[in-house]
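Note that these values count all heavy atoms, side chains included, but never hydrogens, waters or copies made by symmetry. One-based numbering along the sequence shown.
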Amino acid sequence: MTSRSSSSLTSFVRQLFITSPKDNQPAQDAKHTRKQKLSVTLEDLYNRSTCTVTVQRQMRDGSIRPKMLSIHVRPEWKTGSKVKFPRSGDELPDGRIQDLVCVIDVLPHPTFKRVGDDLELRLKVPLSDVLLGFHRTVPLLYNIALDIQSTSTIQPGDVIRVMGRGMPSSKSDHRGDIIVNYTVDLPMEIFRVQTYAIANALRE
């Protein structure tokens, strides 16, 4: 074997078994970071609520020390957003203290679905109200209700947009919209006489 080939073999072995500090950086970062889920509601986001979290910190001597943190919620946060608190996690064997990263989990809302800065609302309307008109009051994410009314016949798939009543932004004065999607709630059972009456009314 020549000296050149021996040098190449040595270089190959080093590449296999020797890693640089940069290669170990993700593992080191994970070791020095503790993650904790923080569940918030759409109301929390809209109203910029302050959430209090108590972290049970594991100390080097085996003891547990609670630490209370206050988190000021921002409207633009989504599920997966992260908030970092330096030196608020566990104490490592070498004396260093982990950073704490709170991972945001936005809980499903019973009325609204967030799409960007807009809030979508699916409003189920009985057939009689579709034909004759209706009035509904929908509570919003703050202490105000939204009045929705119609005096004309609604078509399936009709959509109305209420401007500027959606999610706010902490970076500007912009607000999203509320988008109301109508769905027709058809009766499970209808008598033949009623069917004829509805059909005759629609023909007129």
Side-chain angles (χ1 to χ4, degrees), residues 29-30 33-57 66-90 98-130 132-186:
D29 291 344
T33 302
R34 171 179 168 179
K35 293 184 179 180
Q36 180 162 324
K37 184 171 74 171
L38 175 63
S39 297
V40 297
T41 64
L42 273 182
E43 286 85 355
D44 292 329
L45 298 175
Y46 188 98
N47 295 294
R48 299 177 172 90
S49 302
T50 299
C51 298
T52 301
V53 177
T54 301
V55 181
Q56 302 296 333
R57 303 174 61 214
K67 181 173 183 177
M68 186 174 294
L69 300 173
S70 293
I71 301 176
H72 302 288
V73 177
R74 299 173 66 90
E76 62 268 20
W77 285 352
K78 310 286 193 307
T79 293
S81 296
K82 297 177 181 178
V83 189
K84 183 178 179 180
F85 294 89
R87 296 177 57 81
S88 296
D90 296 334
Q98 292 177 318
D99 294 335
L100 178 71
V101 175
C102 288
V103 182
I104 303 302
D105 176 39
V106 181
L107 299 175
H109 195 272
T111 303
F112 295 105
K113 177 183 177 181
R114 182 175 184 173
V115 181
D117 290 333
D118 296 332
L119 295 173
E120 284 192 351
L121 164 65
R122 292 196 174 276
L123 190 62
K124 186 177 291 188
V125 183
L127 180 59
S128 58
D129 290 350
V130 168
L132 302 176
F134 67 92
H135 176 269
R136 295 284 189 282
T137 300
V138 179
L140 298 181
L141 301 179
Y142 49 106
N143 295 324
I144 294 179
L146 175 66
D147 287 328
I148 302 174
Q149 58 184 346
S150 174
T151 56
S152 59
T153 301
I154 296 174
Q155 299 296 327
D158 278 357
V159 175
I160 63 170
R161 181 181 289 267
V162 184
M163 306 292 291
R165 304 294 289 273
M167 294 297 294
S169 171
S170 59
K171 300 179 181 179
S172 68
D173 294 333
H174 169 77
R175 287 178 181 267
D177 303 330
I178 291 179
I179 302 172
V180 182
N181 296 280
Y182 290 118
T183 59
V184 180
D185 186 14
L186 297 174

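- Annotation: the span from D177 atom CG to M167 atom CE amounts to 13.0 Å, rounded to 0.5 Å.
- Between the CZ atom in R34 and the CG atom in D99 there is a gap of 12.5 Å [rounded to 0.5 Å].
- Between S88 and L69, the shortest heavy-atom contact is OG-CD2, 4.2 Å.
- A 6.0 Å sphere centred on CG of D147 holds more than 12 heavy atoms belonging to other residues, nucleotides or ligands.
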Set out, in order, the CA-CA distance, both residues' side-chain angles and the distance that settles side chain to side chain contact (heavy atoms under 4.5 Å, CB included) for V138 and I178, then state yes or no. CA-CA 11 Å; V138 179; I178 291 179; over 6 Å; no

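- The shortest heavy-atom contact between Q56 and D90 is O-OD1, 4.0 Å.
- Within the 4.5 Å cutoff, no side-chain heavy atoms of L119 are placed close to those of L140.
- Atoms OG1 and CG, from T50 and D44 in turn, are 9.5 Å apart once rounded to the nearest 0.5 Å.
- In the displayed structure, K67 atom NZ is contacted under 6.0 Å by more than 12 heavy atoms of other residues, nucleotides or ligands.
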Tell me, with the steps shown, if W77 and V106 meet side chain to side chain contact (heavy atoms under 4.5 Å, CB included). CA-CA 8 Å; W77 285 352; V106 181; 5.7 Å; no

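- In terms of heavy atoms, R136 sits closest to D129 at NH2-OD2, 2.8 Å.
- Residues P139 and T111 form no side-chain contact, since every pair of their non-hydrogen atoms from C-beta on lies 4.5 Å or further apart.
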Begin with the C-alpha distance, continue with both residues' side-chain angles, and end with the deciding distance and a verdict on side chain to side chain contact (heavy atoms under 4.5 Å, CB included) for F112 and E43. CA-CA 11 Å; F112 295 105; E43 286 85 355; over 6 Å; no

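- Shown here are the side-chain contact (heavy atoms from CB on, under 4.5 Å) partners of D105, two or more places apart in sequence or in another chain: K37, S39, T79, L107.
- Annotation: the span from L121 atom CG to N181 atom CG amounts to 8.0 Å, rounded to 0.5 Å.
- With rounding to the nearest 0.5 Å, the separation of CD1 in I179 from CZ in R165 is 14.5 Å.
- Taking all atoms of both residues into account, the shortest heavy-atom contact from T137 to A145 is CG2-CB, 3.4 Å.
- Using a 30° and 60° split on the angle between ring planes, Y182 and F134 fall in the perpendicular class, above 60°.
- R175 pairs by the salt bridge (charged side-chain N to carboxylate O under 4.0 Å, His left out) definition with nothing, not counting sequence neighbours.
- For residues 109-118, the set of pairs meeting the salt bridge (Lys or Arg N to Asp or Glu O under 4.0 Å) definition, not counting sequence neighbours, comprises R114-D117, D118-R161.
- Residue G166 comes nearest to Y46 through the heavy atom pair O-CE1, 3.1 Å, listed as atom of the first residue, atom of the second, then distance.
- The shortest non-hydrogen separation linking H109 to L42 is CB-CD1, 3.7 Å.
- Q98 contributes atom CD, which lies 7.0 Å from atom OG1 of T33 (distance to the nearest 0.5 angstrom).
- Although no hydrogens or angles enter the test, the distance criterion places no donor-acceptor pair under 3.5 Å between the side chain of K82 and the main chain of G80.
- Within a 6.0 Å radius of CZ in R48, other residues, nucleotides and ligands contribute more than 12 heavy atoms.
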Kindly determine whether V83 and L38 satisfy side chain to side chain contact (heavy atoms under 4.5 Å, CB included), including the steps that lead there. CA-CA 10 Å; V83 189; L38 175 63; over 6 Å; no

